[in-house]
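In what follows, a single structure is set out as structure tokens and then discussed.
The structure displayed is predicted, hence computed values, not measured ones. Convention: sequence-line order gives letters A, B, ...; per-chain numbering from 1.
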Amino acid sequence: MAKPSLPQGTRDFNAETVRKRNFIFNTIRSVFELYGYQPLETPAMENLDTLMGKYGDEGDKLIFKILNNGLDNVSKHQQIKDDFEKVLVGKNTKGITERALRYDLTIPFARYVAMNHGQLTFPFKRYQIQPVWRADRPQRGRYREFYQCDADVVGSYSLINEVELATIYATAFEKLGVEVEIKINSRKILAALSELCGGADKMIDITIAIDKLDKIGIEKVKEELLQRGLNENQISIIEKYLSINGNNEEKLIALKNLVGDNATAKKGIDEIEFLINYTKLKNLNIDFTLARGLNYYTGIIFEVKANNVQMGSIGGGGRYDDLTSTFDVPNIPGVGISFGVDRIYDVMEELKLFPVEVQTATQVLFFNLGEAESRAVFDLMQQLRAKNIRCEMFHELAKFDKQFKWADKKQIPYAIIIGSKELEEKNVVLKNLKSGEQKTLTNEQLLSFEF
RNA sequence: GAGAGCGUAGCUCAGUAGGUUAGAGCGACAGUUUGUGGCACUGUAGGCCGUGGGUUCGAGACCCAUCGUUCUCCCCA
């Protein structure tokens, strides 16, 4: 057997890491619950049909496909070879693969809603905290297996949902101690811009190009737009659009001057104004260069960036007014947000934002000083455990030195020593390992001690 | 899918211009010390130098391939 290893882009999590991650999960979950969202879980795998075509061409390539079983079945060899030929030219793949790992939580949710819309009470609000998988090349802040925490509401056009979701973002990150900027834009504004610049079919080209503004600069964006078939006049409108800056109010005024007489743009602007005025969040900023790749968004879109650290977005979302129609259930609008736990973890680790309390494991180590002593220890431990004190006994008879060092390494704050003397006198020696102080307590005093 | 860097002890790394028996720190284990840890000292274990091929009298070092890993672009959380 070769050296054991992990699949690329996946990780093991040790006790410390799991505790820190749980802190993030619990914080986000509690905020979701505060806003009336209910939990949902879906399978790790979906039918390939459910996922394909929902994330754009790039997204489709990153879906982890699961090989069908039974491909070595001799009686089906010819059929399987024929099917594989189709795979090679990018066609129908059912004979080779018909299942895939979940790529995000939104499409499985849409599938769930489409399957169960007859039973659900609308508006239906759900949250979901599960891993997703992407066949991406791993790099900083990018993994092949990572968790998303999504909250979505379907069956409502109300902008109050956007207001609440923006507030969920703000509240959760505040509770985590992470300073963030919540960036918003509207697909309606981007659509209006596209109408003015070569037609609605150019929207994807335009959004892809402008999304790169802060990375490659305005000149390169203009070059890319030219390559994508826009003329000089159209590009100059986009340049004006991208040069809009200032605070939210100033940006909206400038945008109205540029595209305000377009009906779609006006609707998008109204929605953004509503959201900003309603929430009054200080870190909610308009960013007209925000586009987001996923094709299904139709209204306001969100993206969350952590301040003071170099990291891709740690959350994103938006409104999709017609997501379930791809599953033949039309007219169910929705809006949702997602938290990227693994990136939030990396940010918190880099900025040292995890509270120390997160790490308390065993509170008390009982020394093992002999057969009769350890029996007494066991009885005492059971009584402490009944009072929710986390304690354990050293696994074997050993020198003090060894037992102390073990406690140090496991960062256990208290040691309790029960030797022959204490056994006889029915008391214990309690030592605070951090301060070095120790005192003798009766068994009764120990049971009421505040650890 | 495109590009770059790095693979030497459990971990972090050093290894000079290609030259005898590959080193350090940390960690592990044992002892000094069988009723009091963190410190110190002493000792021990631990390496197909990622893998395969090539150049050379001689390769951890140079060349090629391969695998792994990290990072960048694309795209994304």
Side-chain angles (χ1 to χ4, degrees), chain A residues 2-11 24 28 55-63 102-106 129-150 169 180 204 207-209 211-212 215-216 220 224 290-295 302-306 310-318 336-347 365 367-370 373 394 396-423 428-440:
Chain A
K3 268 190 189 171
S5 66
L6 282 173
Q8 196 179 35
T10 66
R11 296 146 305 152
I24 300 174
I28 293 171
Y55 307 107
D57 290 345
E58 288 298 319
D60 283 357
K61 286 184 206 157
L62 300 180
I63 294 171
R102 193 200 292 131
Y103 177 90
D104 74 352
L105 302 178
T106 307
I129 299 179
Q130 288 190 279
V132 303
W133 294 268
R134 295 186 189 176
D136 222 340
R137 279 285 268 283
Q139 53 184 281
R140 179 181 162 84
R142 174 169 307 185
Y143 306 99
R144 286 185 149 181
E145 178 184 61
F146 61 97
Y147 267 77
Q148 291 191 327
C149 303
D150 277 30
Y169 263 146
V180 296
I204 290 174
T207 54
I208 287 173
D211 194 36
K212 296 178 188 170
K215 267 187 188 161
I216 64 177
K220 293 263 182 185
E224 186 157 340
L290 179 63
R292 296 200 52 76
L294 297 171
N295 296 333
F302 298 97
E303 196 160 291
V304 183
K305 280 277 298 172
Q310 176 65 41
M311 178 63 71
S313 66
I314 57 176
I337 58 172
S338 180
F339 290 78
V341 171
D342 299 76
R343 284 186 178 177
I344 293 170
Y345 178 95
D346 289 344
V347 167
L365 177 71
F367 277 26
N368 186 333
L369 298 172
E373 290 88 340
F394 195 78
E396 62 191 6
L397 179 61
K399 289 193 286 189
F400 271 55
D401 175 76
K402 203 163 182 174
Q403 305 199 37
F404 271 121
K405 282 182 176 160
W406 196 78
D408 281 339
K409 253 173 237 163
K410 294 206 26 175
Q411 297 186 50
I412 298 171
Y414 289 98
I416 289 182
I417 299 166
I418 301 176
S420 52
K421 182 166 140 253
E422 289 78 12
L423 198 58
V428 306
V429 172
L430 173 70
K431 179 158 184 170
N432 179 325
L433 292 178
K434 217 169 175 184
S435 66
E437 287 173 66
Q438 68 177 49
K439 49 189 164 187
T440 304

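- Using a distance-only test at 3.5 Å, with no hydrogens or angles considered, no donor-acceptor pair links the side chain of A:Y143 to the main chain of A:W133.
- Annotation: B:rC11 and B:rC64 have their P atoms spaced 28 Å apart (nearest Å).
- Comparing the C1' positions of B:rG47 and B:rG10 gives a spacing of 12 Å, expressed to the nearest Å.
- Side chain of A:E145 to backbone of A:P131: no donor-acceptor contact under 3.5 angstrom is found.
- Nucleotides B:rC49 and B:rC39 have their P atoms positioned 34 Å apart, rounded to a whole Å.
- The same atom, C1', is picked in B:rA30 and in B:rU34; the two are 15 Å apart, to the nearest Å.
- Within a 6.0 Å sphere centred on CD of A:Q411, heavy atoms belonging to other residues, nucleotides or ligands number 12 at most.
- Other residues, nucleotides and ligands place no more than 12 heavy atoms under 6.0 Å from the CD atom of A:Q310.
- If you take CG on A:L62 and CG on A:D57, they are separated by 11.0 Å, rounding to the nearest 0.5 Å.
- B:rC71 atom C1' lies 13 Å from atom OH of A:Y143, rounded to whole Å.
- The interatomic distance linking A:Q403 (CD) with B:rU33 (C1') rounds to 15 Å, in whole Å.
- With contacts defined as side-chain heavy-atom distances shorter than 4.5 Å, the pair A:Y414/A:L433 does not qualify.
- Distance A:F302 CZ to B:rC76 C1': 19 Å, rounded to the nearest Å.
- Evaluation of atom-type donor-acceptor distances gives a pair under 3.5 Å for the side chain of A:E422 against the base of B:rG35.
- Counting heavy atoms from C-beta on, the side chains of A:K305 and A:M311 never come closer than 4.5 Å.
- Place A:G9 and A:G141 on RNA chain B by their nearest nucleotides, and A:G9 ends up nearer the 5' end.
- Pair check for B:rA65 finds B:rU51; Watson-Crick or G-U wobble, both atom distances under 3.5 Å.
- Within the 3.5 Å criterion, the main-chain N or O of A:E437 finds no donor-acceptor partner in the side chain of A:N432.
- Residues of residues 412-420 of chain A that place a heavy atom closer than 4.0 Å to RNA chain B, in numerical order, are A:I417, A:G419, A:S420.
- Comparing the C1' positions of B:rG52 and B:rA59 gives an interatomic distance of 15 Å, to the nearest angstrom.
- If you check B:rU21 for Watson-Crick or wobble pairing at under 3.5 angstrom, you find it has no partner at all.
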What string of B, S and - do you get for nucleotides 38-47 of chain B, 5' to 3', if B is base contact, S is sugar-phosphate-only contact and - is no contact with any protein heavy atom under 4.0 Å? B---------

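- For the P atoms, the distance from B:rC26 to B:rC41 is 9 Å, rounded to whole Å.
- Proximity of A:K409 to the phosphate of B:rC29: a side-chain N or O atom is located under 4.0 Å from OP1 or OP2.
- Spacing between atom CG of A:L430 and atom C1' of B:rU36 amounts to 14 Å, rounded to whole angstrom units.
- As rounded to whole Å, 8 Å separates atom P of B:rA2 from atom CZ of A:R137.
- When the P atom of B:rC76 is taken as reference, atom CG of A:D136 falls 10 Å away, rounded to whole Å.
- Atom name P, nucleotides B:rG38 and B:rA22: the rounded distance is 35 Å, in whole Å.
- Counting any heavy atom pair closer than 4.0 Å across all strands shown, A:R343 reaches a base atom.
- Checking side-chain atoms of A:Y169 against main-chain N and O of A:F339 turns up no donor-acceptor pair under 3.5 Å.
- For the C1' atoms, the distance from B:rA65 to B:rG7 is 16 Å, rounded to whole Å.
- Counting only distance, with no hydrogens or angles, the side chain of A:R343 and the backbone of A:G141 share a donor-acceptor pair below 3.5 Å.
- Looking at A:Q438, its side chain comes within 3.5 Å of the base of B:rU36 through a donor and an acceptor atom.
- Checking A:Q148 against A:P7, the closest nucleotide of RNA chain B that is more toward the 5' end is the one next to A:P7.
- Taking atom OH of A:Y55 as the reference point, atom P of B:rC74 lies 22 Å away to the nearest angstrom.
- Using a 4.0 Å heavy-atom cutoff across all strands shown, A:K61 reaches no nucleic acid atom at all.
- Scanning atom types as modelled, one donor and one acceptor separated by under 3.5 angstrom connect the side chain of A:R142 and the base of B:rC75.
- Shown here, B:rC75 forms no base pair; nothing in the strands shown gives a Watson-Crick or G-U wobble contact with both key distances under 3.5 Å.
- At whole-Å resolution of the value, NZ in A:K410 and P in B:rG27 are 19 Å apart.
- Remark: A:K399 is not in phosphate contact with B:rG37, judged by side-chain N or O atoms under 4.0 Å from OP1 or OP2.
- Not one side-chain nitrogen or oxygen of A:Q139 sits closer than 4.0 Å to the OP1 or OP2 atom of B:rU70.
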Test log, rule side-chain contact (heavy atoms from CB on, under 4.5 Å), inputs A:V132 and A:F146: CA-CA 6 Å; A:V132 303; A:F146 61 97; 3.5 Å; yes

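- In this structure a side-chain-to-backbone donor-acceptor pair under 3.5 Å is missing from A:R144 to A:P138.
- Once the 5.5 Å centre distance and the 30° plane angle are applied, the aromatic ring of A:F400 is found not to be stacked with the base of B:rG37.
- The nucleotide B:rG43 finds its pairing partner in B:rC29, both defining distances of the Watson-Crick or G-U wobble pair being shorter than 3.5 Å.
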